[in-house]
Amino acid sequence: MKQDIKITLPKLGESILSATVVQWFKKEGDHIEEDEPLLEVTTDKVNSEIPSTSSGVLKKIVAHPDQEIEVGATLALISSSKEGEISRQAVVEETEKKSEESTAHDSTYLSPAVLRLAREKGISLEELEKIKGTGGGGRVSKKDLESYLSQKGPLAKASKPSELGSVEKVKMSTMRKAIADNMVRSFYEAPHASLVTEVDVTKIVAEIKERKEAFLKENGFKLTITTYIARAIAEAVKEFPLINSSLESDTIVVKRFVNLGIAVSVDQGIMVPVIKNCQSRSLEEIAEGVSRLSQKARSQELTVQDTKEGTITMTNFGMSGTLIGIPIIRYPEVAIIGIGAISKKVVAFEDDSFGVRSIMHVSLTFDHRVIDGMYGCGFLSALKKHIEN
């Protein structure tokens, strides 16, 4: 006896309500095993592979590439056989045969490698179909796409110039669109307020310079100023716990653990891996977490678990040389900390002497529904104290 089983979009994270289909690994008529990856979806946090919850034949694809779907919505229908009415081996052989025939003669078939490269470079499926393929049956190969990209250049030019000259139009990537949607939601739902202070990091800079070679040799990863700031945030949160909370309707949910999200720049967007339980980690453990998750983000190996359950976020735009920035809060968190570039500055001391110090600007943006200005000032003052000491 056969039955149709719905494959639905599972809940991928605490604040994730929807996702966008990137690509399917199977075609209608293909056999699929239970727990075998069926398709890939993306959110503003991470890309995820959705496995099949049952063995059978992919009867119908309901959600198509570039389509945004809500958690719980149907992705596909799997036709599953019971009690051996249809021999599984026969199904496998038949679907493999169909797949081979389809691959050999269908020029619209695109491999996962081609689809992934197209997504990274912002190439739509419509544009892919226009590329002349040299693969079997006229299929577009990865080499074909790379050749097309090299001829096209970094941006597509509009065919018709405007009065002001040529116009460049770049379609948003799926990741960029997901980030944009989340930022708009956060910005318009939460009233933002921001504070900025200067922090003297001369001691930290000197310590990193002194310890960096021995630290790298001993641990296998770098000691950076991000590590010190992460630990300082965890310490300051103990004194001002509301900073480390979220708002659910009219209830403030205060977290007694610090899961620090650290924004990492990747192609076409920002990923925010989370270092769990910073409040109980040593400097070395935090440094290892920063190094490991940053590398996973840049090599596109982050999992949903790596980005889940963040309680507060830090973004270091100072790495690009920017001195001050006012970031947008990551929903549903209530605060985000911005780190500016370190610069040399002549400072007057209490005894009226002068000296050259390494100075860094730190900004705090917070949800004014949850945090008052003076409370924010208190947290920023505590953070400054912990970084400088």
Side-chain angles (χ1 to χ4, degrees), residues 11-17 43-46 179 182-183 185-187 189-195 226-264 270-283 285-290 292-294 296-297 302-316 326-339 362-372 375-384 386-387:
K11 193 170 179 61
L12 300 173
E14 181 182 359
S15 62
I16 297 176
L17 303 177
T43 69
D44 67 310
K45 296 178 182 291
V46 70
I179 292 172
N182 195 54
M183 291 295 100
R185 179 184 183 185
S186 176
F187 187 79
E189 186 167 321
H192 285 50
S194 299
L195 301 165
T226 300
T227 304
Y228 287 89
I229 297 169
R231 186 174 66 171
I233 290 172
E235 292 299 319
V237 161
K238 294 177 183 178
E239 302 173 46
F240 295 87
L242 279 179
I243 292 288
N244 192 56
S245 65
S246 59
L247 185 62
E248 296 180 3
S249 186
D250 60 351
T251 302
I252 300 172
V253 183
V254 181
K255 319 292 173 63
R256 298 301 179 183
F257 49 89
V258 181
N259 290 351
L260 180 64
I262 298 181
V264 179
I270 297 289
M271 304 296 286
V272 186
V274 175
I275 301 177
K276 308 287 177 61
N277 297 309
C278 279
Q279 79 285 351
S280 58
R281 288 177 179 256
S282 67
L283 191 73
E285 290 171 333
I286 293 175
E288 187 276 333
V290 171
R292 175 175 53 84
L293 291 175
S294 296
K296 288 183 73 174
L302 282 177
T303 65
V304 173
Q305 285 298 123
D306 292 326
T307 63
K308 284 178 62 177
E309 300 173 354
T311 60
I312 188 170
T313 298
M314 175 181 73
T315 177
N316 187 353
I326 307 297
I328 297 175
I329 303 165
R330 296 186 70 245
Y331 183 87
E333 298 168 12
V334 301
I336 185 169
I337 296 153
I339 307 300
V362 175
S363 64
L364 169 68
T365 300
F366 54 91
D367 186 339
H368 222 324
R369 296 173 300 175
V370 178
I371 299 166
D372 292 327
Y375 193 92
C377 289
F379 170 79
L380 201 55
S381 178
L383 179 60
K384 173 183 170 74
H386 287 295
I387 293 175

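FYI, the numbering just counts along the sequence from 1. Side-chain atoms are counted along with the backbone in the values below, which use heavy atoms only and exclude waters and symmetry mates. Please read these numbers as outputs of a predicted model, since none were measured by experiment.
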Interatomic distance, CZ@Arg231 vs CZ@Arg281, rounded to 0.5 Å, equals 14.0 Å
Residues passing the ring-ring contact (aromatic ring centres under 6.0 Å, His included) test with Phe379, sequence neighbours excluded, are none
Mind listing the side-chain donor-acceptor pairs of residues 233-243 below 3.5 Å, one per line with the distance, residues two or more places apart or on another chain?
| from | atom 1 | to | atom 2 | distance (Å) |
| --- | --- | --- | --- | --- |
| Glu235 | OE2 | Lys238 | NZ | 3.3 |
| Glu239 | OE2 | His386 | NE2 | 2.7 |

Residues passing the side chain to side chain contact (heavy atoms under 4.5 Å, CB included) test with Ser294, sequence neighbours excluded, are Val264, Val290, Arg298
To the nearest 0.5 Å, atom CG of Leu260 lies from atom OG1 of Thr313 at 7.0 Å
Checklist entry - Are any non-hydrogen side-chain atoms of Leu283 and Tyr228 less than 4.5 angstrom apart? => result yes
With sequence neighbours left out, the residues meeting side chain to side chain donor-acceptor pair (under 3.5 Å) with Gln305 are Lys308
Taken to the nearest 0.5 Å, the spacing of Asp367 CG from Ile329 CD1 works out to 5.0 Å
Note: Val334 and Leu247 closest approach over all heavy atoms is CG1-N, 4.2 Å
In terms of heavy-atom contacts, Ile275 and Gly289 come closest through CD1-C, 3.9 Å
Correct closest heavy-atom pair for Ile312 and Ala335 would be CG1-O, 3.7 Å
The reported gap from NZ in Lys255 to OG in Ser246 (rounded to nearest 0.5 angstrom) is 3.5 Å
Residues passing the side chain to side chain contact (heavy atoms under 4.5 Å, CB included) test with Asp306, sequence neighbours excluded, are Leu293, Lys296, Leu302, Thr303
Scanning both residues in full, the closest heavy-atom pair of His192 with Phe187 reads CE1-CA, 3.7 Å
Backbone of Phe257 reached by a side-chain donor or acceptor of Asn244 within 3.5 Å: yes
Side chain to side chain donor-acceptor pair (under 3.5 Å) filter on Ser194, not counting sequence neighbours, yields Thr365
Measure the shortest side-chain to side-chain distance between Arg369 and Pro191 over non-hydrogen atoms and say whether it is less than 4.5 angstrom.
yes
Across all chains, not counting sequence neighbours, the side chain to side chain contact (heavy atoms under 4.5 Å, CB included) partners of Ser282 are Glu284, Glu285
Interatomic distance, CD1@Ile286 vs OG1@Thr226, rounded to 0.5 Å, equals 11.0 Å
inquiry  = Would you say that Asn316 contacts Met314 through its side chain, given a criterion of any heavy-atom pair below 4.5 Å between the two side chains?
reply    = no
Residue pair Ile328 / Ile336, side-chain heavy-atom distance below 4.5 Å = no
Worksheet item: Quick one: are Asn259 and Asn277 in side-chain contact, heavy atoms under 4.5 Å?
Response: yes
Here the pair of heavy atoms bringing Ala193 nearest to His368 is CB-CD2, 3.5 Å
When rounded to the nearest 0.5 Å, the distance separating CD1 of Ile371 from SG of Cys377 is 11.5 Å
